[in-house]
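Contents: one structure, followed by commentary.
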Amino acid sequence: MVDILNITGLGRLEIVETYVYYDQPVLFSCKNAAGHLYLVVAADENDKHETWLYARVSPERLNRIRSGVIDLHDAFAEPEDSFLLQEIIPYDDQTQPRMESIQPSQISEDMLPMPSERLNLKTKLQMQEKKRSYR
């Protein structure tokens with residue numbers, strides 16, 4: 001298993017919350033020592049490497065993603081900073097991981113979560129929306 005929490009250029013990451021786990025976290029939020037938040041997804045794998053996508057998110061946007069207001073596809077296809085970080089982590093211990101900044105348009109659709117796939121976690125935002133719908 002590769003170390004998905006020690007990222008070149010971002011430093012050591014700490015998982016804030018895991019949303020999908022399959023032998024390792026595959027969709028999660030994390031933060032670095034500076035407090036920057038990222039939504040991370042395992043985007044692709046083949047016999048040579050794994051590809052991970054990192055979308056930097058504000059606390060407000062993460063809350064909207066967690067509550068399902070923003071679907072997971074759009075969280076990566078329309079990032080706040082207008083770019084994503086893509087890390088390619090080779091299985092070969094001799095080759096260093098490679099991190100690059102990319103535009104969402106450079107990503108194949110099959111690397112993104114399915115459109116309309118959402119989290120549905122209880123958040124303050126979700127509670128506010130429910131209160132408004134009762135009025």
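Side-chain contact between I107 and F76 is absent, with no heavy atoms from C-beta onward closer than 4.5 Å. Counting only heavy atoms from C-beta outward, the side chains of L53 and L112 approach each other to under 4.5 Å. Within the 4.5 Å cutoff, no side-chain heavy atoms of L72 are placed close to those of V41. Residues L39 and L27 are in side-chain contact: their nearest non-hydrogen atoms beyond the backbone lie under 4.5 Å apart. No side-chain heavy atom of E17 sits under 4.5 Å from any side-chain heavy atom of L62. Side chains of Y54 and L13 form a contact here, defined as non-hydrogen atoms less than 4.5 Å apart.
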**Item:** Full working for side-chain contact (heavy atoms from CB on, under 4.5 Å) between T95 and K48
**Value:** CA-CA 10 Å; T95 308; K48 295 182 182 183; over 6 Å; no
**Request:** Could you walk me through whether Q106 and E100 pass side-chain contact (heavy atoms from CB on, under 4.5 Å), step by step?
**Result:** CA-CA 12 Å; Q106 295 175 272; E100 59 189 352; over 6 Å; no
**Request:** Would you check, one step at a time, whether the test side-chain contact (heavy atoms from CB on, under 4.5 Å) holds for V57 with S29?
**Result:** CA-CA 9 Å; V57 292; S29 58; over 6 Å; no
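Between atom NE2 of residue H36 and atom NZ of residue K31 there is a gap of 12.0 Å, rounded to the nearest 0.5 Å. With values rounded to the nearest 0.5 angstrom, I65 atom CD1 is found 11.0 Å from R118 atom CZ. For the atom pair CG of L84 and CZ of R56, the computed distance is 13.0 Å after rounding to the nearest 0.5 Å. How far CD of E45 is from OG1 of T51: 9.5 Å, rounded to the nearest 0.5 Å. From I89, atom CD1 reaches atom CZ of R98 across 11.5 Å, with rounding to the nearest 0.5 Å.
Partners of A33 under the side chain to side chain contact (heavy atoms under 4.5 Å, CB included) rule, at least two apart in sequence or in another chain, do not exist in this structure. Residues satisfying the side chain to side chain contact (heavy atoms under 4.5 Å, CB included) criterion with D74, sequence neighbours excluded, are I70, D71, E78.
Here the closest heavy-atom approach between residue L85 and residue Y38 is recorded as CD1-CE2, 4.2 Å. Between N46 and Y91 the shortest heavy-atom distance is O-CE1, 3.1 Å. When all heavy atoms of M111 and A43 are compared, the pair lying nearest together is O-CB, 3.4 Å. Between H49 and P90, the shortest heavy-atom contact is CB-CA, 3.7 Å. When every heavy atom of P104 is checked against every heavy atom of F83, the shortest pair comes out as CD-CA, 4.3 Å. The two residues S67 and N120 come nearest to each other via the heavy atoms O-OD1, 4.0 Å.
Hydrophobic clustering places I15 together with L10 (ILVMFWY residues linked when any side-chain heavy atoms are closer than 4.5 Å, directly or through intermediates). Taken together through direct or relayed side-chain contacts under 4.5 Å among Ile, Leu, Val, Met, Phe, Trp and Tyr, L121 and L37 form part of one hydrophobic cluster.
Using a distance-only test at 3.5 Å, with no hydrogens or angles considered, no donor-acceptor pair links the side chain of E80 to the main chain of R61.
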